[in-house]
Protein chains: 2
Amino acid sequence: MVTRTAQERRDEEKRAYDAYLAACPARKLLDEVSGKWVSLVLVALGDGPQRYSDLSRRIAGVSQKMLTQTLRTLERDGLLTRTVTACVPVRVDYELTDLGRSLRQLVAGIKDWAEARFEEVESARDRYDARSAALTIGSDGAG
Amino acid sequence: MVTRTAQERRDEEKRAYDAYLAACPARKLLDEVSGKWVSLVLVALGDGPQRYSDLSRRIAGVSQKMLTQTLRTLERDGLLTRTVTACVPVRVDYELTDLGRSLRQLVAGIKDWAEARFEEVESARDRYDARSAALTIGSDGAG
DNA sequence: CGGAATCCTGGGAGATACTG
DNA sequence: CAGTATCTCCCAGGATTCCG
């Protein structure tokens, strides 16, 4: 089939892209760090070691699944340590490593930026939306 | 039904959470900024204004849909400007605003961190995986 | 050239229930 | 308390096609 060659070409491009990503691990890491909960966990751990339940309380809206998953990934990446204390109710503490602290600094910077600038962003949105609405109305009646 | 009350309670919590998010717009902004392509676009625009086609070439692997979508969002948020030059082949340039540049600085910091530290992360992963494998084998045969 | 509209799929993410 | 396992749903995002 002729259609196969197109499919094959796309597959090849896909493989080339995957190879590119493999050759650029920093970008995959960048992607991972951009995860929805990563920044929140990192910031939450900024105040020192925290128990699992502390984290789930401090990070509003996180499911235990996503919290566990995020913590596992960060532990694997060497950004935090997981310490199990085998007492009667099991106790697990999470703490940032030096590597994790170095990233936390940067992430906290973004968080601060978001908190400091979101008003500017919102007013920009209002202007944009107002402009869009005006264009829609304008192009509606008048040719 | 008794089951309804459970459902109702969950709905209420859901609404409460949504209200919380609405009351915390900075977090939504943080989420948005964490988007997969946002950082790449921001960094790519660091070298000055770029045409649409320039961006799609510089950002390997981005689809035209996601590039457009990301650019629209960033434009709406006031992070960049979109300039259309109505010449024969239409020309569109994107350029960071001051607000966009301020964020780009921070994002570039994360990118630099990822590039500088990914080796540490990878070796941490290797250690973690080796440990996990050892535990799996150990718990397999010996009780 | 720079998009918009449409269709479709993978997997990210929540809810629930169970375990040590 | 701190998870694990499973099911499901939703939508981010890719492919394709059409437009000015």
Side-chain angles (χ1 to χ4, degrees), chain A residues 3 6-18 21 31-32 34-38 40-41 49-75 80 82-94 132 135-136 139 143, chain B residues 3 6-18 21 31-32 34-38 40-41 49-75 80 82-94 132 135-136 139 143:
Chain A
T3 50
Q7 177 62 34
E8 285 174 350
R9 209 192 53 221
R10 259 182 287 126
D11 284 352
E12 207 157 340
E13 285 172 354
K14 183 85 173 176
R15 273 199 305 278
Y17 175 61
D18 290 345
L21 272 192
D31 246 42
E32 195 183 289
S34 299
K36 186 173 184 175
W37 302 107
V38 174
L40 297 170
V41 169
Q50 307 269 334
R51 299 184 58 170
Y52 181 90
S53 44
D54 292 334
L55 288 173
S56 71
R57 237 173 291 114
R58 290 171 63 115
I59 305 174
V62 70
S63 64
Q64 79 285 51
K65 173 184 170 180
M66 289 318 296
L67 181 54
T68 299
Q69 186 175 303
T70 303
L71 288 168
R72 280 292 128 77
T73 304
L74 294 179
E75 184 196 1
L80 54 79
R82 176 171 178 273
T83 309
V84 182
T85 309
C87 48
V88 182
V90 191
R91 177 198 176 101
V92 182
D93 288 272
Y94 294 91
S132 300
L135 285 176
T136 304
S139 66
Chain B
T3 50
Q7 178 62 34
E8 285 175 349
R9 209 192 54 220
R10 260 182 287 124
D11 284 351
E12 208 157 339
E13 285 171 355
K14 182 85 174 176
R15 273 199 306 277
Y17 175 59
D18 289 346
L21 272 192
D31 247 42
E32 195 183 290
S34 299
K36 188 172 184 177
W37 303 108
V38 173
L40 296 170
V41 168
Q50 305 269 335
R51 297 185 59 172
Y52 180 90
S53 44
D54 291 334
L55 288 172
S56 71
R57 237 173 291 116
R58 291 172 63 117
I59 305 175
V62 70
S63 67
Q64 148 267 0
K65 173 182 171 179
M66 289 320 295
L67 181 55
T68 299
Q69 186 175 300
T70 303
L71 288 168
R72 279 294 128 78
T73 303
L74 294 179
E75 184 197 1
L80 54 79
R82 177 172 178 269
T83 310
V84 182
T85 309
C87 48
V88 183
V90 191
R91 177 199 177 100
V92 181
D93 287 272
Y94 294 91
S132 300
L135 285 176
T136 304
S139 66

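The figures here come from the full heavy-atom set of this structure, side chains too, leaving out hydrogens, waters and symmetry mates. Here is how names work: the chains are called A, B, and so on, in the same order as the sequence lines, proteins then strands, and each is numbered from 1.
The CG atom of A:L40 lies 9.0 Å from the OG1 atom of A:T70; values are rounded to the nearest 0.5 Å. Separation of atoms CG (A:L67) and NZ (A:K65) is listed at 13.0 Å; rounding is to 0.5 Å. With rounding to the nearest 0.5 Å, the separation of CE in A:M66 from CH2 in A:W37 is 8.0 Å. Taken to the nearest 0.5 Å, the CG atom of B:L71 stands 8.5 Å off from the CD atom of B:E75.
Residue A:S63 places no side-chain N or O under 4.0 Å from the OP1 or OP2 atom of C:dA15. Proximity of B:R91 to the phosphate of C:dG2: no side-chain N or O atom is located under 4.0 Å from OP1 or OP2. Residue A:Y94 places at least one side-chain N or O closer than 4.0 Å to OP1 or OP2 of D:dG3. Neither OP1 nor OP2 of C:dC1 sits under 4.0 Å from any side-chain N or O of B:R51.
Listed by residue number, A:K65, A:M66 are the residues of residues 65-74 of chain A with a heavy-atom contact under 4.0 Å to DNA chain C.
Listed by first and then second residue, the side-chain hydrogen bond (donor to acceptor under 3.5 Å, both in side chains) pairs involving residues 84-94 of chain B are B:R82-B:Y94, B:R91-B:D93 (not counting sequence neighbours).
Across the protein-nucleic acid pair, A:D54 atom CG and D:dC1 atom P stand 10 Å apart, rounded to whole Å. Per the geometry, NZ belonging to B:K36 stands 15 Å off P belonging to C:dG10, to the nearest Å. One atom, CD of B:E75, and another, P of C:dG3, lie 9 Å apart when rounded to the nearest Å. Taking atom CD of residue A:E32 and atom P of nucleotide C:dG12, one finds them 11 Å apart after rounding to whole Å.
Between the side chain of A:Q64 and the base of C:dA15, no donor-acceptor pair of N or O atoms lies under 3.5 Å.
Residues forming a side chain to side chain contact (heavy atoms under 4.5 Å, CB included) with A:Q64 (at least two apart in sequence, or on another chain): A:Y52. Shown here are the side chain to side chain contact (heavy atoms under 4.5 Å, CB included) partners of A:D54, two or more places apart in sequence or in another chain: A:Q50, A:R51, A:R57.
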Tabulate atom names and distances for all N/O pairs under 3.5 angstrom spanning the protein and nucleotides 18-20 of chain D.
none

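Contact between A:P89 and A:C87 at its shortest, heavy atoms only, is O-SG, 3.2 Å.
Direction of the helix axis in the helix from C:dC1-D:dG20 to C:dG20-D:dC1 shifts by 50° between the two five-pair termini, rounded to 10°.
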